[in-house]
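Labels below follow one simple rule: chain letters A, B, ... track the order of the sequence lines, proteins then strands, and each chain is numbered from 1. Everything numeric in this text was worked out from a predicted model, so none of it was measured.
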Amino acid sequence: MQRYNPGEIEPKWQQYWDAHNSYHVIETADKPKLYVSGMFPYPSGSGLHSGHAFSYTIVDAIARFYRAHGHNVLNPMGWDTFGLPAENFAIKTGTAPAEVTKDNIANFKNQFKRLGISIDWDREINTTDPEYYRWTQWIFAQFFKRGLAYQKEAQQWWCPVDKTVLANEQVENGKCWRCGNEVEKKAMKQWFFKITEYADALLNEIPDLDWPEKIKTAQTNWIGRSEGMAIKFQLNGLGADKEHLEVFTTAHDTIYGVTFMVVAPEHPIVERYGQFADNQADIELYVEKAARKSELDREIEKKKTGVPIEGLFAINPINGNKIPVWVADYVLLSYGTGAIMAVPGEDERDFEFAQKYDIPIVFTTEQQEFVDYSHIKADRKSYRLANSDTFNGMDFETGRQKIMESIKETDAGDMIVQYKMRDWLISRQRYWGAPIPIIHCEKDGAVAVPDDQLPVVLPEVKDYAPKGDGQSVLATVEDWVNTTCPECGGPAKRETDTMDGYACSSWYLLRYADPKNDQQAWDPAKANYWSPVDYYVGGDHAVAHLLYVRFWAHVFNDMGLLSHKEPVKKLVYHGYINAEDGRKMSKSLGNVIDPLDIVDQGYGADTLRTYVMFMGPIELDSSWSSKGVAGVYRFLNRVWTLSQEYQSAEKADELDSDNQLRRLTHKTIKKVTGDYRNLSFNTAIAAMMELVNELYKLKVNGFSSEWQNSLRALAQLIGPVAPHLASELWQQHGGENEVDSAEWPAWDETLVLDDTVTIVVQVNGKVRAKLSLPAGTDEKTATETALADENVRKFTANQKPAKVVYVPGRLVNIVV
RNA sequence: GCCGCGAUGGCGGAAUUGGUAGACGCGCGGGACUCAAAAUCCCGUUCCAGUAAUGGAGUGUGAGUUCGAUUCUCACUCGCGGCACCA
């Protein structure tokens with residue numbers, strides 16, 4: 001008898017699938033479509049890690065399961081290849097990023113094949129391929145024409161020593177990652193996508209998404225919609241009397257409690273009027289310090305600091321009170337108007353600040369002590385207004401409405417909606433990204449590169465290191481930068497910033513539908529056939545990527561390029577695999593498990609795949625267990641061995657145990673099918689293990705021809721998780737074609753139902769006996785049998801039951 | 001701090017609408033095969049008492065609803081994840 005040898009059967013089937021292009025699909029009306037994809041990988045130099053193996057096994061199991069159910073399954077693969085690691089490697093070694101990337105892709109592709117992932121390789125895409133980013137650029141140009149891409153000044157991290165812009169991840173503890181000097185914020189002109197215009201549209205669709213609740217709430221909070229009032233306060237002193245200071249507040253009902261105003265250090269009025277203040281030097285010093293503070297410092301330094309702009313006041317529109325204006329970095333320029341009305345009686349931050357700087361505190365609730373506004377907001381009816389003139393004594397529900405009307409009457413403010421979400425900063429001063437397809441002309445300003453001049457190909461350079469002028473290396477390629485304006489034909493310069501990598505990944509799921517189209521980004525008919533993605537599998541990017549793909553799809557829908565707004569129907573968000581010691585896998589800890597090592601050790605891809613699916617529910621984090629891997633290998637071995645024994649055994653025509661065999665098999669088919677459908681892979685595998693254990697017990701009676709049906713069904717059932725073994729066994733048992741193009745086994749409901757059932761007998765809710773009764777036993781018989789049971793009688797003491805609860809087919813509960 | 005999720009044997013986990021808690025796997029104990037070991041196969045395995053039948057306790061803690069709660073409600077403790085001075 002041949003031993004189970006994955007090292008032999010796995011390459012055999014991988015070559016077969018390759019040679020037959022088994023997983024290539026085209027649009028067809030004959031079958032229901034099913035589009036499943038993992039989040040495409042960044043092909044790093046170290047190859048697939050265990051997280052990849054997990055993610056793409058989930059994808060593949062779904063793909064194979066539905067393929068076996070007659071669906072037209074699209075399971076594509078592509079490479080998210082722009083980004084920092086390749087660029088840094090290039091800076092260090094001088095190797096072109098494209099070269100490094102090419103090798104890494106080849107390695108990844110090979111490894112995916114060795115895991116038996118059923119991919120349609122004809123649809124392979126690569127974001128750094130000019131034929132791909134040509135359309136990324138085209139989309140940018142479309143966004144630009146629609147006013148969804150624009151330029152504005154924004155704060156960027158700037159290293160004054162290296163004279164370069166830094167990305168967030170290049171700032172470590174407020175210091176430049178390369179030279180170690182302190183970085184500062186600097187205002188520079190940047191490109192943005194106007195995602196805020198779609199804030200409401202994106203928010204409105206969230207409740208209907210079949211996505212994990214935690215991702216939905218993360219996105220809801222990220223968008224952060226809040227309704228409040230924009231209120232203008234007249235300025236006074238330092239020559240500012242003609243100006244207003246506008247604030248945003250959700251607590252306008254506390255406006256009588258405003259005892260000071262706070263503006264962000266970057267707020268324009270600071271520079272405009274601070275110079276006339278007596279404490280001008282202090283203000284300047286404070287602003288400068290705030291600019292240098294990294295986000296981390298701000299976090300550590302929880303204590304609030306600030307300086308007043310001496311001599312500058314604001315007039316409270318509701319009562320004419322003259323209020324001092326302060327500068328403090330706990331107010332952010334980027335939210336609301338960059339200025340607040342401070343209400344220390346009801347806001348914790350303002351309270352802390354007022355105490356520290358001895359600013360008066362006015363309580364506007366009848367409690368006359370500090371009450372955080374979140375409490376008031378939670379139950380407005382229970383709090384009453386105080387120190388609020390004619391509004392005193394009103395509950396906050398009424399007072400809020402009346403004060404709002406009163407403020408509106410004075411023309412000082414109105415209700416508005418604010419979002420926490422900011423526009424998406426898309427420009428990067430880096431080499432290894434898709435060039436922004438814009439030409440700057442002195443006469444015509446920023447002009448989109450015409451469609452027929454796309455792609456704007458990334459020029460080759462010798463040195464990839466930034467030159468220190470705050471621009472990307474592209475700025476040094478003069479004959480690339482200098483061009484002609486498409487509008488006027490005059491001399492013009494190319495934009496030298498490249499796009500954030502997230503741009504490339506915001507539309508790749510649509511490109512898979514039509515990956516080789518050189519006339520358009522995709523044919524809408526093809527995209528509308530495949531999209532939305534039915535299952536999108538990943539364990540990362542709760543907001544960023546998963547919000548951007550939604551944003552772009554909404555825009556594409558508006559452009560008429562897509563028939564629907566939401567690109568992902570069901571999001572499968574899986575957990576992390578930790579190391580055996582329970583900690584995160586990391587090279588420095590030396591606890592990394594390389595999935596290909598597991599394959600090479602002789603376990604094979606099927607064991608690896610089945611193991612990662614058996615570890616637990618996919619949405620939970622788990623820890624690697626080498627003992628667990630061995631256990632799964634044992635299981636696959638048992639499946640194999642059973643099949644070999646059957647094939648070489650003498651088969652009886654029929655056995656007494658055949659009916660039992662049939663019942664077991666049909667029950668398992670039903671259970672496993674349901675579990676796969678719910679993505680409950682661990683219990684599906686457990687059910688198959690249970691069947692195999694039972695089959696081992698049954699085989700002592702010998703084999704009959706009935707076994708053929710069971711073993712074939714078993715081969716099909718393990719197919720989604722262990723496709724090589726399944727294919728091999730399927731072939732051995734005379735199955736035609738490939739296992740996942742065979743019809744999925746059906747079950748007979750009458751065989752699934754047991755003819756005898758175990759009825760639990762409880763007395764006062766405690767189990768006292770178990771009865772084996774024919775299915776469908778009526779209540780009267782069941783109760784009588786239960787009452788007659790010896791052990792039950794011990795506990796009922798022959799008393800007449802006060803009540804009997806009967807659950808058909810399950811239990812009798814006798815209450816005495 | 002806010003939001004979301006979770007807590008079940010020695011361990012990972014199971015229990016589809018409230019109805020036998022601990023499926024399946026690991027580990028552990030015992031047995032078969034073997035000169036022996038590995039591999040394989042079989043049996044047992046929540047804890048306590050008992051040879052056993054059986055009894056008692058038991059799903060983070062405390063209460064509640066119910067004939068019956070791992071499941072529902074309230075309060076709390078701990079852990080994980082996301083966001084974080086968002087006015």
With a 4.0 Å cutoff (strictly under), does any side-chain N or O of Arg634(A) reach OP1 or OP2 of C26(B)?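 Yes, Arg634(A) has a side-chain N/O under 4.0 Å of OP1/OP2 on C26(B).
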Looking across every strand, which nucleic acid part, if any, lies under 4.0 Å from [X] by heavy atom: base, sugar-phosphate, or nothing?
X         : result
Ser680(A) : nothing
Gln762(A) : base
Gly631(A) : sugar-phosphate
Lys671(A) : base
Thr683(A) : sugar-phosphate
Asn813(A) : base
Lys214(A) : sugar-phosphate

Go nucleotide by nucleotide along RNA chain B from the 5' end; which of Thr758(A) and Thr217(A) gets its closest nucleotide reached first?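 With Thr758(A) and Thr217(A) compared, the 5'-side residue is Thr217(A).
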Please tell me which of Val815(A) and Lys420(A) maps to the more 5' nucleotide of RNA chain B, matching each residue to the nucleotide holding its nearest heavy atom.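 First, find each residue's nearest nucleotide; the 5'-ward one identifies Val815(A).
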Spacing of [X] atom [atom1] relative to [N] atom [atom2], expressed in whole Å:
X         : N      : atom1 : atom2 : answer
Phe351(A) : C85(B) : CZ    : C1'   : 16 Å
Lys803(A) : U66(B) : NZ    : P     : 10 Å
Asn221(A) : G4(B)  : CG    : P     : 8 Å
Leu811(A) : G18(B) : CG    : P     : 15 Å
Asn637(A) : A38(B) : CG    : P     : 17 Å
Phe635(A) : C26(B) : CZ    : P     : 11 Å
Glu227(A) : A87(B) : CD    : C1'   : 15 Å
Lys377(A) : A87(B) : NZ    : C1'   : 10 Å

Using distance alone, with no hydrogens and no angle criterion, decide if Thr364(A) and Glu346(A) have a side-chain donor and acceptor under 3.5 Å apart.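 There is such a pair (donor and acceptor under 3.5 Å, judged by atom type) between the side chains of Thr364(A) and Glu346(A).
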Residues forming a ring-ring contact (aromatic ring centres under 6.0 Å, His included) with [X], sequence neighbours excluded:
X         : value
Phe192(A) : Tyr150(A)
Phe635(A) : none
Tyr419(A) : none

If we ignore hydrogens and angles and just use 3.5 Å, is the side chain of Lys304(A) paired with the main-chain N or O of Tyr330(A) as donor and acceptor?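 Not a single qualifying donor-acceptor pair exists.
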Are the side chain of Tyr806(A) and the backbone of Lys780(A) linked by a donor-acceptor contact shorter than 3.5 Å?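 No.
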Counting the benzene-type ring for Trp, do Tyr611(A) and Trp624(A) have ring centres under 6.0 Å apart?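 They qualify: ring centres under 6.0 Å apart.
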Nucleotide nearest [X] when distance is taken to its side chain, options [options]:
X         : options                : value
Lys627(A) : C26(B), G19(B), A87(B) : C26(B)
Asn678(A) : A84(B), U16(B), G19(B) : U16(B)
Leu332(A) : C83(B), A87(B), C67(B) : A87(B)
Tyr335(A) : A87(B), C67(B), C24(B) : A87(B)

Go through the structure and list residues passing side-chain hydrogen bond (donor to acceptor under 3.5 Å, both in side chains) with [X], not counting sequence neighbours.
X         : result
Lys216(A) : none
Gln644(A) : Gln732(A)
Asp581(A) : Arg583(A), Asn591(A)
His541(A) : Tyr502(A)

Any non-hydrogen side-chain atom of [X] less than 4.5 Å from a side-chain atom of [Y]?
X         : Y         : answer
Leu209(A) : Leu571(A) : no
Tyr256(A) : Val362(A) : no
Tyr357(A) : Phe260(A) : no

Kindly state which residues belonging to residues 576-586 of chain A come within less than 4.0 angstrom of RNA chain B, counting heavy atoms of the residue only, listed by number.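 Contacting residues: none.
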Classify every nucleotide of nucleotides 8-13 of chain B by which part a protein heavy atom approaches to under 4.0 Å, writing B for the base, S for the sugar-phosphate alone and - for neither, in 5'-to-3' order. ----SS
Treat primed atoms plus P, OP1 and OP2 as sugar-phosphate and everything else as base, then score nucleotides 42-56 of chain B 5' to 3': B for base contact with protein heavy atoms under 4.0 Å, S for sugar-phosphate contact only, - for none. SS----------SSS
Any chance you could encode RNA chain B as dot-bracket? Rule is Watson-Crick or G-U wobble with both distances under 3.5 Å; [ ] for pairs crossing earlier ones, | for another strand. (((((((..(((......[....)))((((((.......))))))((((....))))..(((((..]....))))))))))))....
If I pick the [atom1] atom on [M] and the same atom on [N], what distance separates them, to the nearest angstrom?
N      : M      : atom1 : result
U59(B) : A14(B) : C1'   : 12 Å
C24(B) : U45(B) : C1'   : 15 Å
C72(B) : U66(B) : C1'   : 10 Å
G19(B) : G13(B) : C1'   : 22 Å
U70(B) : G9(B)  : C1'   : 14 Å
G10(B) : U46(B) : P     : 11 Å
A38(B) : G60(B) : P     : 39 Å
C33(B) : C28(B) : P     : 23 Å

Is the glycosidic torsion of G25(B) within 90° of 0, making it syn, or is it anti?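 What G25(B) shows is an anti base, its glycosidic angle lying more than 90° from 0.
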Residue among Asn637(A), Leu725(A), Val632(A) satisfying side chain to side chain contact (heavy atoms under 4.5 Å, CB included) with Thr607(A):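 Checked Asn637(A), Leu725(A), Val632(A) against Thr607(A); only one passes side chain to side chain contact (heavy atoms under 4.5 Å, CB included): Val632(A).
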If the threshold is 4.0 Å, N to carboxylate O, is there a salt bridge linking Glu790(A) and Arg793(A)?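 Arg793(A) and Glu790(A): not salt-bridged.
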Under the salt bridge (Lys or Arg N to Asp or Glu O under 4.0 Å) test, which residues partner Arg663(A), sequence neighbours left out?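 Only Asp755(A) meet the salt bridge (Lys or Arg N to Asp or Glu O under 4.0 Å) criterion with Arg663(A).
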